[in-house]
Structure formats: C-alpha cells, structure tokens
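Below is one structure, written out as structure tokens; comments come after it.
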Amino acid sequence: MPKITVLPHTELCPQGAVIEAEAGTSICDALLKHDIDIDNACGGVCACTTCHVVVREGFKSLNEIDEDEDDMLDRAWGLTPQSRLSCQAILQATDVTVEIPKYSINLAKEGHH
Ligand code: FES
C-alpha cells in the first residue's frame with residue numbers, strides 16, 4: 001500500500017504522521033480515516049477549497065487535475081504549483097508527502113469580519 005507522509009501541522013497533526021492507504025483512495029479520505037481532521041466543507045465534491053494540500057513528493061504520481069478542480073484551486077489560500085484538492089487527489093501505487101497549509105479559505109475569511 002502506498003504511504004502518505006504528512007508534514008507537521010500545528011493543529012491537525014503536530015508531530016506529522018506516516019499513514020498507509022489503498023491505491024484508489026483520495027488523500028482526503030485517507031487523512032480522515034487516520035484521525036487527521038482536514039477540513040472538507042463540501043464533503044469531497046470539489047465545491048470548496050478547504051481540503052487543499054500541497055503535495056511535496058509524488059505529485060506526478062497522482063491522477064491529473066481536471067478543469068473543475070483547477071477552477072476551485074485558483075481560490076485556495078496559499079496556492080502552489082504542487083497544490084491539490086485532497087478529495088480529488090487519488091493515490092496510485094507511489095508514496096506521497098503532503099503538507100496541509102496553515103490556513104484554509106474558511107479561516108482566512110474570518111479575518112475580514
Ligand atoms: Fe470540498 Fe475537497 S472537500 S473540494
């Protein structure tokens with residue numbers, strides 16, 4: 001089974017983690033299954049950006065980004081060239097390393113109220 005190395009995130013995963021998940025699973029589902037409580041405001045249907053992750057290693061092994069994901073990603077906080085919406089990023093046989101950005105758009109918006 002491919003491994004996901006999760007870099008430390010202050011709230012969600014302070015020590016970082018290495019988890020295993022079956023190929024064909026979305027990164028979001030794999031994280032949630034291992035109690036890494038990443039936001040997924042739309043429930044994994046590519047209609048928010050709260051599940052944004054940066055894939056530091058193994059980016060190319062994932063399924064390709066489709067147009068819908070690309071459009072949504074444009075609105076994500078802290079977008080990078082290795083960004084994915086984790087609910088749309090499907091693991092293949094390769095290990096990946098992901099970073100959960102410090103903020104998601106929900107939190108970023110609260111700053112404006
Ligand atoms: Fe909303 Fe992934 S959970 S786009």
Side-chain angles (χ1 to χ4, degrees):
M1 278 203 279
K3 286 194 189 60
I4 306 176
T5 303
V6 186
L7 299 179
H9 178 281
T10 334
E11 280 150 40
L12 300 179
C13 179
Q15 310 295 324
V18 180
I19 62 181
E20 285 193 343
E22 305 223 14
T25 311
S26 75
I27 292 180
C28 187
D29 283 345
L31 295 174
L32 292 172
K33 206 168 151 202
H34 289 84
D35 296 326
I36 300 173
D37 208 8
I38 185 164
D39 281 337
N40 54 107
C42 76
V45 296
C46 199
C48 70
T49 60
T50 59
C51 68
H52 172 208
V53 295
V54 179
V55 184
R56 295 288 179 206
E57 279 172 45
F59 182 82
K60 290 214 171 83
S61 73
L62 299 169
N63 62 318
E64 284 196 14
I65 300 185
D66 68 16
E67 224 174 284
D68 289 345
E69 183 181 353
D70 209 33
D71 285 351
M72 286 313 296
L73 262 178
D74 275 345
R75 304 179 208 174
W77 183 91
L79 184 68
T80 80
Q82 292 165 306
S83 288
R84 291 297 304 253
L85 294 178
S86 63
C87 71
Q88 303 298 310
I90 308 298
L91 282 169
Q92 314 294 323
T94 309
D95 295 351
V96 299
T97 299
V98 302
E99 178 179 347
I100 303 171
K102 195 162 172 208
Y103 302 111
S104 73
I105 209 87
N106 283 355
L107 294 174
K109 265 192 194 149
E110 279 165 21
H112 295 295
H113 291 304

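For reference, positions follow the sequence shown, starting with 1. Counting starts at 1 for both ligands and their atoms, in listed order.
Annotation for A41 and T50: closest pair N-OG1, 2.9 Å, computed over non-hydrogen atoms.
When hydrophobic residues (I, L, V, M, F, W, Y) are linked wherever their side-chain heavy atoms come within less than 4.5 Å, the members clustered with L62 are I4, V6, L12, I19, I27, L31, L32, I36, I38, V53, V55, F59, I65, M72, L73, L79, L85, L91, V96, V98, I100.
Separating the CD atom in Q82 from the OG1 atom in T97 is a distance of 10.5 Å, to the nearest 0.5 Å. Considering CG of D70 and OG of S83, their distance stands at 10.5 Å, rounded to 0.5 Å. The CG atom of N63 lies 8.0 Å from the CD atom of Q88; values are rounded to the nearest 0.5 Å.
Among E64, E69, E99, the single residue meeting the salt bridge (charged side-chain N to carboxylate O under 4.0 Å, His left out) criterion with R84 is E69.
Closer than 2.8 Å to atom 2 (Fe) of ligand 1 sit the protein N, O or S atoms C51 SG, C87 SG.
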